[in-house]
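Heavy-atom basis, side chains included; hydrogens, waters and symmetry copies ignored. Numbering of ligands and ligand atoms starts at 1, following listing order.
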Amino acid sequence: MKTYFSSDFKLGILGGGQLGRMLLRETNKFDIQTYVIDPSNEAPCQAFAHQFTQGDLLDFDTVYNFGKKVDVLTFEIESVNVDALQKLESEGVIVYPSSKTLGIIQNKATQKLFYKDHDIPTAPFTRFAFTSEIHDAISNGGLQLPFVWKAAQFGYDGNGVKVIRTLKDLIDLPNTECIAEEMVPFKNELAVIVTRNPSGEMRNYPVVEMEFHPEANQVEYVICPARISDDVAQKAIDVALKVSKQINHVGLLAVELFQTQDDDILVNEVAPRPHNSGHQTIEASYTSQFEQHLRAILDLPLGNPESKANGIMVNLVGAEGYTGNVVYENMSTLLAMDGVTPHIYGKKETRPFRKMGHVTIVHKNMESARAIAQKVKETIKVISN
Ligand code: ADP
């Protein structure tokens, strides 16, 4: 086996945001050398990598030249230059997840076609080369309102997604490659993180549930395990494992799912990297998602993904009406609560809804965990001075 620990081995990470930063805690634990590249010189990873480079992740030469310096290359964001990854692979650099996998996932239309071709349950959809073609499709009866418009590329955290109820909703959308997806009146949004290493070993985390704010329609809590029946949980896990296997994935794959009114499971989308729905694993699981990703891409045995206790994650996002140097209000009150751990991502500037950190609540009892999570949410304020 290759020696990764306290050696000359170099792991490269494309993207230096909070996901990279949490991954670096694990490489630090194993004493693995890391090279990180991000467009921002103030990226959360900047002070924690052995070598930090500022550069454009979508530029072929930048990604290629960076990749040439490392032994294994991974990414914490999907918007990277796939052609450069392909060339690096052809020249012997190990890239996980592979350029082929990323190529399928990076474009939502390609991703959805993959599900269709591989008999993976997903909501029906139509692909359009340009948003402007949608009008015609509606007027000739090929497409019915309402539907969910999704940009094929470069959307994240809900931008690039819009519910279209009337023709007016189409105004102002970018004229880009997109899909129109049937609305799913789901009961629950669930997620399963699956890990697979190159030897084919696979392990999955328990199914988690996103609990939404009743009015704001924003995810408020990620709850692990999801409060669903064993049957539904098993169905969700089976679908997630199938996606990982069919896509020949290596590393962490977060599979976002809808539980329909009839308790069917549909795949919404996948992310080939550590994911917001797995942050609670840092405190609540035997092996955190970040350590698991590292084990997988280095073809090491995978760790135990089971939970030690119930875990709930609350995102810390910038409060509305505040832009500027960040201040975390009421941190002492928060830290005085039982089983509560804040993670601060190291972004100096806050702005409305920017992800600034998260808080994990760990408790033996789910109802108590949920009650503490609510208190956390009501206590902490991410504002500016
Ligand atoms: P992103 O890539 O920005 O996370 P998603 O495809 O996950 O975008 O969509 C964001 C949110 O929009 C989902 O979490 C879900 O609440 C809602 N949504 C997406 N697709 C559908 C759909 N077909 N029916 C109903 N709601 C949807």
With a cutoff of 4.0 Å, is Phe147 in contact with ligand 1, counting heavy atoms of the residue only?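 Contact check Phe147 vs ligand 1: negative.
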Met210 near ligand 1 by a heavy-atom separation under 4.0 Å: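 False for this residue.
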Could you list which atoms of ligand 1 come closer than 4.0 Å to a heavy atom of [X]?
{"X": "Phe186", "result": "16 (O), 25 (C), 26 (N)"}
{"X": "Lys150", "result": "6 (O), 19 (C), 20 (N)"}
{"X": "Glu256", "result": "7 (O)"}
{"X": "Met183", "result": "24 (N)"}

Please state whether the rings of His279 and Tyr345 are parallel, tilted or perpendicular, taking 30° and 60° as the class boundaries.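 Rings of His279 and Tyr345: perpendicular, as their planes differ by over 60°.
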Tell me whether the rings of Phe30 and Phe5 are parallel (<30°), tilted (30 to 60°) or perpendicular (>60°).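 Because their plane-to-plane angle is over 60°, the rings of Phe30 and Phe5 count as perpendicular.
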Nearest candidate to atom 22 (C) of ligand 1, where distance is taken over non-hydrogen atoms, out of Val163, Val148, Thr122: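 The option holding the nearest heavy atom is Val148.
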As a check for students: among Val161, Val270, Leu266, identify the option with a heavy atom nearest to atom 12 (O) of ligand 1.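 When every heavy atom of Val161, Val270, Leu266 is considered, Val161 comes closest to atom 12 (O) of ligand 1.
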Is the backbone N or O of [Y] less than 3.5 Å from a side-chain atom of [X], with the two atoms forming a donor-acceptor pair by type?
{"X": "Tyr4", "Y": "Leu298", "value": "yes"}
{"X": "His358", "Y": "His343", "value": "no"}
{"X": "Lys347", "Y": "Lys355", "value": "yes"}
{"X": "Asn304", "Y": "Glu306", "value": "yes"}

Val184, portion touching ligand 1 at heavy-atom distance under 4.0 Å: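 The answer is both, backbone and side chain.
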